[in-house]
**Q** 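Take this structure, written in structure tokens, and hold onto it; I'll ask about it next.
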Protein chains: 2
Amino acid sequence: MITTKNCVIRLSRYKNALNRFKSLGFVKVFSDNLADAVGVTSSQVRKDFSIFGISGNKKGGYKVDELVEKINIILGKNEIQQVILVGAGHMGKALLKYKGFEKEGMKIVACFDVDPTKLNREAQTPILSTKEMKDFVQSRRIKVGIIAVPDAAAQAVLDQMLEAGIKGVLNFAPITLRGAEDTVVNNVNIELELENVIYYVNALGKASRANENQDFKI
Amino acid sequence: MITTKNCVIRLSRYKNALNRFKSLGFVKVFSDNLADAVGVTSSQVRKDFSIFGISGNKKGGYKVDELVEKINIILGKNEIQQVILVGAGHMGKALLKYKGFEKEGMKIVACFDVDPTKLNREAQTPILSTKEMKDFVQSRRIKVGIIAVPDAAAQAVLDQMLEAGIKGVLNFAPITLRGAEDTVVNNVNIELELENVIYYVNALGKASRANENQDFKI
DNA sequence: AGTATATTGTGAATAATATCACATTAAAAC
DNA sequence: GTTTTAATGTGATATTATTCACAATATACT
Ligand SMILES: NC(=O)c1ccc[n+]([C@@H]2O[C@H](COP(=O)([O-])OP(=O)(O)OC[C@H]3O[C@@H](n4cnc5c(N)ncnc54)[C@H](O)[C@@H]3O)[C@@H](O)[C@H]2O)c1
Ligand SMILES: NC(=O)c1ccc[n+]([C@@H]2O[C@H](COP(=O)([O-])OP(=O)(O)OC[C@H]3O[C@@H](n4cnc5c(N)ncnc54)[C@H](O)[C@@H]3O)[C@@H](O)[C@H]2O)c1
């Protein structure tokens with residue numbers, strides 16, 4: 001199976017759209033419906049499904065329940081995914097309070113921090129010392145973690161996490177971390193995303209003011 | 001100038017790398033240095049610069065100061081960019097406390113919420129009623145906003161923002177919003193990003209267990 | 001001053017990704 | 001039961017993005 005980054009992301013989007021369709025009472029959907037919901041072409045939808053070996057019914061579209069089930073298995077949503085968080089600062093606390101992960105079968109099972117004043121083993125999600133991280137991760141065979149520490153500490157924290165056995169990381173520090181061969185690091189750089197919005201707003205503004213948008217493509 | 005989404009994002013990354021080079025005392029850099037720092041090829045760096053009309057010196061590379069200056073102008077960093085935030089919940093508060101935006105010339109000048117208990121006009125960044133949003137945005141000619149409200153409210157909030165004159169939005173609600181013709185919406189879907197990490201961790205795990213990674217491409 | 005060298009800048013080649021278009025086929029209509 | 005219809009599934013094609021490769025040239029060296 002040859003997958004590319006984008007087709008996995010689209011798979012998640014299809015799943016989200018399907019859940020909305022389901023809650024609206026849909027029993028079957030067509031590639032066109034999904035395409036509209038996600039903002040891609042219907043052949044993109046069918047091609048993606050074809051890549052993941054998902055098939056529907058000629059003329060009959062896809063049965064929503066079956067499709068959700070198939071996608072959930074591909075995305076590992078058939079079991080609860082345990083995740084650790086490193087960094088109990090502003091961002092870390094927001095993530096800890098966030099209800100959305102559990103709804104999607106992902107659970108932050110512990111948070112780690114170096115600052116002793118942040119620790120709290122009694123909290124619903126315990127905040128432990130980073131010294132305890134390796135043991136915790138190894139004993140529970142946890143494979144996924146989130147980095148929410150300052151940029152200067154991010155690389156060291158990534159190293160510690162990989163050393164402990166973590167294989168995939170979602171990084172919020174505004175510095176592009178790269179992992180080893182058999183690991184995944186996904187960088188969410190919020191500053192950069194905002195900067196990007198600002199660029200296009202300025203670009204669109206210039207284009208419309210000068211009406212020179214022939215040579216402007218977004 | 002034909003730009004594609006990725007080359008603008010890379011431009012931000014080059015800028016970040018350059019700032020690091022600068023703080024290390026570098027006076028000039030070569031496309032190779034930037035390529036290594038950002039994780040792309042050197043011809044990608046030169047091609048990107050060529051697209052934005054940035055030129056360096058044959059044999060001499062690029063003078064860091066000049067390059068930073070040019071990129072900053074392209075990215076609109078020559079003036080402070082005023083941004084509003086809608087939603088003063090967990091995520092909104094984390095964003096309000098975040099120091100990193102100001103360092104990058106972006107400032108959240110006000111936050112808006114529907115919940116009267118969240119309002120606080122005396123805070124360093126005032127938290128105002130959404131009813132006041134339109135006036136605020138129009139009088140200050142603000143063009144950029146951030147959405148940090150629950151998904152169910154996100155589309156309505158986007159509509160209100162565009163109605164007020166906002167042209168570009170960074171959306172944290174886990175639903176893909178799409179704007180009008182002359183607007184930009186950048187969706188940061190954290191659940192989806194984590195889901196994506198989990199997919200690859202599982203995929204890598206399967207591939208290494210079965211040693212079937214011939215047909216696995218990431 | 002003249003030559004060698006290292007790096008840029010970019011058109012051409014290649015690779016990756018998305019769309020098209022249509023043969024196939026299950027369901028609906030008659 | 002046959003025909004019509006409306007969808008899927010996918011190879012072929014088009015588009016988009018990246019890398020290659022090398023001419024142009026500024027700097028360093030002799
Ligand atoms: N707050 C935001 O809204 C926001 C926005 C964009 C990006 N970010 C990024 O997210 C990251 C976290 O931001 P924040 O606002 O939560 O920062 P913060 O300073 O509030 O929290 C950082 C936390 O990390 C802990 N820490 C520091 N070094 C550590 C280490 N080596 N091991 C474990 N824990 C360590 C600190 O004790 C602190 O609790 C930063 O990289 C920041 O740039 C945050
Ligand atoms: N907290 C996180 O770490 C996190 C992680 C991933 C995604 N998100 C997403 O970010 C968004 C905000 O999350 P949160 O945890 O801050 O939620 P929250 O419930 O803590 O806060 C939401 C805020 O939005 C306000 N609000 C609701 N409707 C509004 C409206 N129409 N106009 C203005 N304000 C309105 C509420 O009063 C509240 O203050 C959500 O869409 C969530 O899915 C949050």
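Worth knowing before you read on, the calculation uses all heavy atoms, side chains too, and leaves out hydrogens, waters and symmetry mates. Numbers restart at 1 for each chain; the letters A, B, ... are given by sequence-line order, proteins then strands. Only a predicted model underlies this, so the values are computations on that prediction, with no experimental measurement involved.
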**Q** Send over the distance from A:Ile9 CD1 to C:dA18 P, rounded to a whole Å.
**A**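 Spelled out: CD1 on A:Ile9 to P on C:dA18 is 11 Å.
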
**Q** Over how many whole Å does the gap from B:Lys5 atom NZ to D:dT15 atom P extend?
**A** 23 Å

**Q** What is the distance, to the nearest angstrom, from the CG atom on B:Asn57 to the P atom on D:dA26?
**A**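 Atom-to-atom, B:Asn57 to D:dA26, this comes out as 9 Å.
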
**Q** If you look at every strand shown and take non-hydrogen atoms under 4.0 Å, does A:Gly60 touch a base, only sugar-phosphate, or nothing?
**A** nothing

**Q** Within the structure shown, what part of the strands sits under 4.0 Å from A:Ser55 by heavy-atom distance: base, sugar-phosphate, or nothing?
**A**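 Contact class for A:Ser55: sugar-phosphate only.
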
**Q** Counting heavy atoms from C-beta on, name the nucleotide in D:dT19, C:dC20, D:dG9 closest to the side chain of A:Ser43.
**A**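 Given the options D:dT19, C:dC20, D:dG9, the side chain of A:Ser43 is closest to C:dC20.
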
**Q** C:dT7 C1' sits how many Å from B:Asn33 CG, rounded?
**A** 11 Å

**Q** Does D:dT18 have OP1 or OP2 under 4.0 Å away from a side-chain N or O of B:Arg10?
**A**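 Affirmative; the distance criterion is met.
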
**Q** Please tell me which of the listed nucleotides, D:dA7, C:dT19, D:dT18, lies nearest to the side chain of B:Gln44?
**A** D:dT18

**Q** Taking the side chain of B:Lys47 as its heavy atoms from C-beta onward, which of D:dA26, C:dA21, C:dG11 lies nearest to it?
**A** C:dG11

**Q** Mind calculating the distance between CZ (A:Phe52) and P (D:dT8) to the nearest angstrom?
**A**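 Answer to the nearest Å: 18 Å.
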
**Q** What pair of heavy atoms forms the shortest contact from B:Asn33 to B:Phe21, and how long is it?
**A**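 Residues B:Asn33 and B:Phe21, closest heavy atoms: O-CZ, 3.7 Å.
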
**Q** Can you find a pair of side-chain heavy atoms, one from B:Leu95 and one from B:Phe101, that are under 4.5 Å apart?
**A** yes

**Q** Is any side-chain N or O of A:Thr41 closer than 4.0 Å to OP1 or OP2 of C:dT19?
**A**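 Checking A:Thr41 against C:dT19: at least one side-chain N or O falls below 4.0 Å of OP1 or OP2.
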
**Q** Does OP1 or OP2 of D:dG9 have a side-chain N or O of A:Ser50 closer than 4.0 Å?
**A**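 Checking A:Ser50 against D:dG9: no side-chain N or O falls below 4.0 Å of OP1 or OP2.
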
**Q** Mind checking whether A:Lys5 and B:Asn196 have side chains closer than 4.5 Å, heavy atoms only?
**A** yes

**Q** Measure from CG on A:Leu34 to P on D:dA7 and round the result to the nearest Å.
**A** 13 Å

**Q** DNA chain D: A:Lys59 or A:Asp48, which has the more 5' nearest nucleotide?
**A**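 The residue whose closest nucleotide sits nearer the 5' end is A:Lys59.
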
**Q** Roughly how many Å is it from CZ in B:Arg46 to P in C:dG11, rounded to a whole number?
**A** 14 Å

**Q** Could you pull out every donor-acceptor pair under 3.5 Å between side chains of residues 147-155 of chain B and any protein atom, sequence neighbours left out?
**A**
{"from": "B:Gln155", "atom 1": "NE2", "to": "B:Asp159", "atom 2": "OD1", "distance (Å)": "3.1"}

**Q** Is A:Tyr62 near enough to C:dA26 that one of its side-chain N or O atoms lies under 4.0 angstrom from OP1 or OP2?
**A**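 Looking at the OP1 and OP2 atoms of C:dA26, neither is under 4.0 Å from any side-chain N or O of A:Tyr62.
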
**Q** Tell me, do B:Tyr98 and B:Lys103 make a side-chain contact under 4.5 Å, heavy atoms counted?
**A**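 Result no, sub-4.5 Å side-chain heavy-atom pair not found.
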
**Q** Please give me the minimum heavy-atom distance between A:Asp48 and A:Cys7, naming the atom from each residue.
**A**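 It is OD1-CB, 3.4 Å.
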
**Q** Check DNA chain C against residues 17-27 of chain A and give the residues with a non-hydrogen atom under 4.0 Å, in numerical order.
**A** none

**Q** What integer distance in Å separates A:Lys70:NZ from D:dG9:C1'?
**A** 13 Å

**Q** Before accepting this row, confirm whether a basic side-chain N of the pair A:Glu104/A:Lys15 lies closer than 4.0 Å to the acidic partner's carboxylate O.
**A** yes

**Q** Could you check whether any side-chain heavy atom of B:Ile54 comes within less than 4.5 Å of a side-chain heavy atom of B:Ile74, counting everything from C-beta outward?
**A** yes

